[in-house]
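Quick note on labels: first sequence line is chain A, next is B, and so on, each numbered from 1.
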There are 2 protein chains.
Amino acid sequence: MRLINRETDYAVRALAHLGDKAGERLSVSDLVRAVGVSRPFLRKILQKLEQAGILESRKGRGGGFKLARPPERIMLGEVRTVFQGPLKTENCLFGVRLCYDYKTCRLRRKMRDIEGRLARELDAITIQSLQKDL
Amino acid sequence: MRLINRETDYAVRALAHLGDKAGERLSVSDLVRAVGVSRPFLRKILQKLEQAGILESRKGRGGGFKLARPPERIMLGEVRTVFQGPLKTENCLFGVRLCYDYKTCRLRRKMRDIEGRLARELDAITIQSLQKDL
DNA sequence: CTATATGATACTATATCAGTATCATTTTGT
DNA sequence: ACAAAATGATACTGATATAGTATCATATAG
Ligand code: FES
Ligand code: FES
């Protein structure tokens with residue numbers, strides 16, 4: 001199992017690069033160079049980040065993307081959720097269906113605690129902490 | 001992302017049921033009843049557990065499966081690894097390829113720590129702790 | 001008013017997950 | 001010996017998630 005997939009990976013690299021540039025707006029071309037991934041794929045990723053409110057975009061000549069917030073307020077956990085969904089499932093963390101006895105299930109509580117801790121740890125990593133020029 | 005998939009789920013239920021029976025050998029038919037999953041699928045799961053050294057099997061009439069170890073020495077993390085592979089990847093936890101600068105990568109270390117903690121937490125949950133008759 | 005940039009969306013390919021089917025081999029009871 | 005009852009090994013199929021591409025619409029600067 002991968003905790004972090006390709007889209008999240010590229011997203012974080014792009015965000016860290018934008019963080020390096022201290023709030024500047026960059027074009028997809030700039031980011032393609034920095035991240036090292038195909039242009040159409042990165043475009044899709046950036047659009048998702050924009051929809052999630054992590055990036056702000058501007059269309060037209062001279063357009064591009066900039067961070068919607070300072071890099072110390074963008075968390076790895078949040079970025080991960082955009083591309084891979086939340087860690088928690090609604091009812092039962094353990095498989096799709098319910099256990100034979102949901103009410104008395106001890107594992108459910110334990111797994112919930114573990115996933116909660118994991119989520120907090122992922123949220124403790126900010127984009128700022130991943131910038132080059134720290 | 002699911003921390004635990006279906007195979008691991010069913011495997012744990014089967015193991016917990018075997019634990020309830022205190023080292024008894026049970027047939028697939030017994031376990032199908034206890035776990036509530038199709039017979040061929042459970043068979044595949046049990047065979048993997050046998051290959052992993054978590055179950056012992058006996059063929060032929062009156063055969064079946066029993067725990068290869070006491071339930072307090074079978075860990076959720078180990079079972080999970082049988083079906084979903086290890087948490088850690090060799091080089092870089094972050095995506096498939098290396099970062100632009102592997103040596104100076106701060107994220108790699110952080111993710112390694114997080115994954116390490118997660119693995120320890122999963123290993124702290126034993127089959128015994130999930131048995132009905134605790 | 002056009003070149004340049006992103007927005008929206010649909011499509012394709014590949015990998016992983018979930019589940020089924022089949023035949024071989026071992027063991028036990030008669 | 002032999003048939004019934006069990007698991008072993010393995011190949012196959014369908015569904016879902018991941019990874020990536022392609023196309024046309026829309027906004028903006030000059
Ligand atoms: S109710 Fe889902 S693991 Fe127990
Ligand atoms: S080297 Fe892989 S995340 Fe940095």
- Message: Counting only side-chain nitrogens and oxygens, does B:S27 get under 4.0 Å of the OP1 or OP2 atom of D:dA5?
- Response: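 For B:S27, the contact criterion (side-chain N or O under 4.0 Å from OP1 or OP2 of D:dA5) is not met.
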- Message: Below the 4.0 Å mark, does D:dA17 have OP1 or OP2 next to a side-chain nitrogen or oxygen of A:N5?
- Response: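 The answer is no; no side-chain N or O of A:N5 sits under 4.0 Å from OP1 or OP2.
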- Query: Tell me: OH of A:Y10 to P of D:dT18, nearest whole Å?
  - Reply: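 About 15 Å, once rounded to whole Å.
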- Query: Within the side chain of A:R80, is there an N or O that forms a donor-acceptor pair under 3.5 Å with the backbone of A:G85?
  - Reply: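 It does hold such a pair.
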- Message: Show the nearest heavy-atom pair for residues A:A11 and A:V79, with the distance to one decimal.
- Response: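 In this case the closest contact between A:A11 and A:V79 is CB-CG1, 3.9 Å.
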Mind checking side-chain contact (heavy atoms from CB on, under 4.5 Å) for [X] and listing every partner two or more places apart, or none if nothing turns up?
| X | answer |
| --- | --- |
| B:T126 | B:M75, B:Q128, B:S129 |
| B:R117 | A:E121, B:D113, B:I114, B:R120 |
| B:K66 | B:R25, B:E56 |

- Query: With B:R58, which residues qualify under salt bridge (Lys or Arg N to Asp or Glu O under 4.0 Å), at least two apart?
  - Reply: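 B:R58 satisfies salt bridge (Lys or Arg N to Asp or Glu O under 4.0 Å) with no residue once adjacent residues are dropped.
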- Partner residues of B:E78 under the salt bridge (Lys or Arg N to Asp or Glu O under 4.0 Å) criterion, sequence neighbours left out: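 Salt bridge (Lys or Arg N to Asp or Glu O under 4.0 Å) list for B:E78, sorted by chain: B:R69.
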- Note on the structure: Nucleotide by nucleotide, nucleotides 21-28 of chain D touches protein heavy atoms under 4.0 Å in the pattern (B base, S sugar-phosphate only, - none) B-B--BBB
- Message: Roughly what angle, to 10°, lies between the helix axis at the start of the helix from C:dC1-D:dG30 to C:dT30-D:dA1 and the one at its end, five pairs per end?
- Response: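 Between the axes fitted at each end of the helix from C:dC1-D:dG30 to C:dT30-D:dA1 lies an angle of 10°.
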- Scan A:S29 against the nucleic acid and name what it touches under 4.0 Å (heavy atoms): base, sugar-phosphate only, or nothing.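 Result for A:S29 = nothing.
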- Residue among A:L67, A:I125, A:L130 satisfying side-chain contact (heavy atoms from CB on, under 4.5 Å) with A:I74: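 The passing option is A:L67.
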- Which of residues 46-56 of chain B sit near DNA chain C, with a heavy atom under 4.0 Å from it?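 When residues 46-56 of chain B is checked for heavy atoms under 4.0 Å from DNA chain C, there are no hits whatsoever.
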- Residue whose nearest DNA chain C nucleotide is more 5′ - B:F83 or B:G62: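 Upstream on the strand: B:F83.
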- Just do the side-chain contact (heavy atoms from CB on, under 4.5 Å) check on A:I4 and A:V12 with the steps written out, would you? CA-CA 10 Å; A:I4 300 292; A:V12 169; over 6 Å; no
Validation: residues 29-54 of chain B side-chain donor-acceptor distances under 3.5 Å, sequence neighbours left out:
residue, atom, partner, partner atom, Å
B:S29, OG, B:R39, NH1, 3.0
B:D30, OD1, B:R33, NH2, 2.9
B:D30, OD2, B:S27, N, 3.3
B:D30, OD2, B:S27, OG, 3.3
B:S38, OG, B:F41, N, 3.4
B:K48, NZ, B:E7, OE1, 3.4
B:K48, NZ, B:E7, OE2, 3.3

